Amino acid sequence: MINVSDQPAPRSLIVTLYGAYGRFAPGPVPVAELIRLLAAVGVDAPSVRSSVSRLKRRGLLLPARTAQGAAGYELSDEARQLLDDGDRRIYATAPPEDEGWVLAVFSVPESERQKRHVLRSRLAGLGFGTAAPGVWIAPARLHDETRHTLRRLRLDPYVDLFRGEHLGFSPTVESVARWWDLAAIAKEHETFLDGHARVLHAWRQRPDTPPEEAYRDYLLALDSWRHLPYTDPGLPARLLPEDWPGTRSAAVFQGLHERLRDAGAQFAGVTAVSAPGAASGAASGAAPGHLNS
């Protein structure tokens, strides 16, 4: 099958693997199985072990024994919450509604200015744009995930959250272009399309779906895609430039998801994969948990 040129980071691929298949395993995923599954996407055993150690230190993976006594790893409760939050973005299929905005207004004492940097970084990572210094804005549906994230990081004492509508003197479409770098977001969508649209096209020409090839192409596509709904906050179409590439990139991901995910589960050894998804849209007119790699 067609390979994507840039090899993703091993740690990111491990997170993607657990999000797609590992969390549906009946118990901890054995280390030997992690090595097998990551080898299929070009990651060697030492890189797997090193990356797993980093994720363990972050409290996202927990060491555990399988029923057969083999060493393995399972997701922490925190990691499961993050993946569940991410599902609502990554696998959403309905276009985003124009449901108003959530504002995050924060104030951090100078003596704790490092937390100010963490706050800005985390809000940006959730898809917030900057309305003014200390005032960040995002579509209102991101409210719950924002609360979870700020509480998990113990940043909630520094932040007030508000919901409302834009009543500014300039049209909202002009304000949105100031709050977010739409050109940079569009470029991220184009990069995804460059790497994966041809993969979907090739699969559509094939009558068969071999499990190992399906697993490899799906995992690589998901690893590339899952970051996009956080770069792109999922703005209503009326606020976006014409021919927004997010619509096309979401369609490509959804096509690969529908064609490859279940076949890939056979190679991953998972027999009961639930169907993640959400009613709310994301990725600006499109589809899409999110663990930072």
Side-chain angles (χ1 to χ4, degrees), residues 15-16 18-20 23-24 58-60 75-108 115-116 118-132 134-166 172 176 179-180 185 222 225-237 239-240 246 250 253-254 257 274-293:
V15 169
T16 302
Y18 271 93
R23 59 175 153 161
F24 305 112
R58 289 181 57 193
L60 300 175
L75 291 165
S76 67
D77 290 341
E78 175 188 328
R80 289 186 181 276
Q81 178 65 66
L82 289 166
L83 289 171
D84 289 345
D85 284 342
D87 284 350
R88 287 187 283 273
R89 297 198 195 199
I90 295 169
Y91 298 105
T93 56
E97 297 178 0
D98 195 353
E99 76 279 68
W101 305 96
V102 58
L103 289 177
V105 180
F106 66 83
S107 178
V108 180
K115 291 184 179 179
R116 188 182 305 141
V118 174
L119 253 173
R120 289 170 178 159
S121 176
R122 185 53 57 214
L123 289 171
L126 286 166
F128 277 71
T130 309
V135 181
W136 291 63
I137 188 167
R141 71 174 176 281
L142 303 187
H143 168 259
D144 288 344
E145 185 179 355
T146 301
R147 291 183 69 88
H148 292 159
T149 300
L150 295 178
R151 281 179 171 165
R152 177 175 59 86
L153 297 174
R154 297 184 175 87
L155 295 171
D156 50 303
Y158 306 96
V159 184
D160 283 308
L161 297 177
F162 303 87
R163 293 187 65 170
E165 58 182 312
H166 180 235
T172 304
V176 160
W179 299 338
W180 284 276
I185 295 172
L222 178 59
W225 171 258
R226 71 180 179 88
H227 303 281
L228 260 172
Y230 291 85
T231 301
D232 183 336
L235 301 171
L239 301 178
L240 293 167
F253 173 75
Q254 189 63 27
H257 175 75
S274 64
S280 61
S284 295
H290 180 70
L291 302 175
N292 290 329
S293 60

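The shown structure was predicted, so the numbers you read here are calculated from the model rather than taken from an experiment.
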Run the numbers on Y18 and L60 for side chain to side chain contact (heavy atoms under 4.5 Å, CB included), then give the verdict. CA-CA 11 Å; Y18 271 93; L60 300 175; over 6 Å; no
Could you give me the CA-CA distance, side-chain angles and deciding distance for L235 and W180, then say whether side chain to side chain contact (heavy atoms under 4.5 Å, CB included) is met? CA-CA 10 Å; L235 301 171; W180 284 276; 3.9 Å; yes
Start with the C-alpha gap between L119 and L150, add the side-chain angles, then the distance that decides, and say whether side chain to side chain contact (heavy atoms under 4.5 Å, CB included) holds. CA-CA 8 Å; L119 253 173; L150 295 178; 3.8 Å; yes
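Scanning for side-chain contact (heavy atoms from CB on, under 4.5 Å) contacts around L103 gives V135, I137, F162, with sequence neighbours left out. Residues forming a side-chain hydrogen bond (donor to acceptor under 3.5 Å, both in side chains) with T149 (at least two apart in sequence, or on another chain): none. By the side-chain hydrogen bond (donor to acceptor under 3.5 Å, both in side chains) test, R152 is found to be paired with E78, residues two or more places apart in sequence or in another chain being considered. Remark: E165 pairs with no residue by the side-chain hydrogen bond (donor to acceptor under 3.5 Å, both in side chains) rule, at least two apart or across chains. Residues satisfying the side-chain contact (heavy atoms from CB on, under 4.5 Å) test with T231, not counting sequence neighbours, are I185, E188. With sequence neighbours excluded, the residues that form a side-chain contact (heavy atoms from CB on, under 4.5 Å) with A138 are V102, F128, L142.
Here CG of L222 is found 5.5 Å from OG1 of T16. Values are rounded to the nearest 0.5 Å. Distance check, rounded to the nearest 0.5 Å: CG of L161 to CG of D144 gives 10.5 Å. Interatomic distance, NE2 of H166 versus CG of L239, reported as 10.0 Å (0.5 Å rounding).
When all heavy atoms of G19 and L83 are compared, the closest pair comes out as CA-CD2, 3.9 Å. Counting all heavy atoms, side chain and backbone alike, R141 lies closest to P233 at NH2-O, 2.8 Å. Nearest heavy atoms, W136 versus R120: CH2-O, 3.6 Å.
Without hydrogens or angle criteria, R226 side chain to V15 main chain gives no donor-acceptor distance under 3.5 Å. Between the side chain of S76 and the main chain of G59, a donor-acceptor pair closer than 3.5 Å is present.
Below 30°, between 30° and 60°, or above 60°: for W179 and W101 the angle between ring planes is above 60°, a perpendicular geometry.
At a cut-off of 3.5 Å, with distance as the only test, a side-chain donor of D85 or Q81 sits close to an acceptor on the other residue.
Here the side chains of L228 and F253 are not in contact, with every heavy-atom distance at 4.5 Å or above. Under the 4.5 Å side-chain criterion, counting only non-hydrogen atoms from C-beta, R147 is not in contact with D156. Looking only at side-chain heavy atoms (C-beta outward), E145 and Y230 come within less than 4.5 Å of each other.
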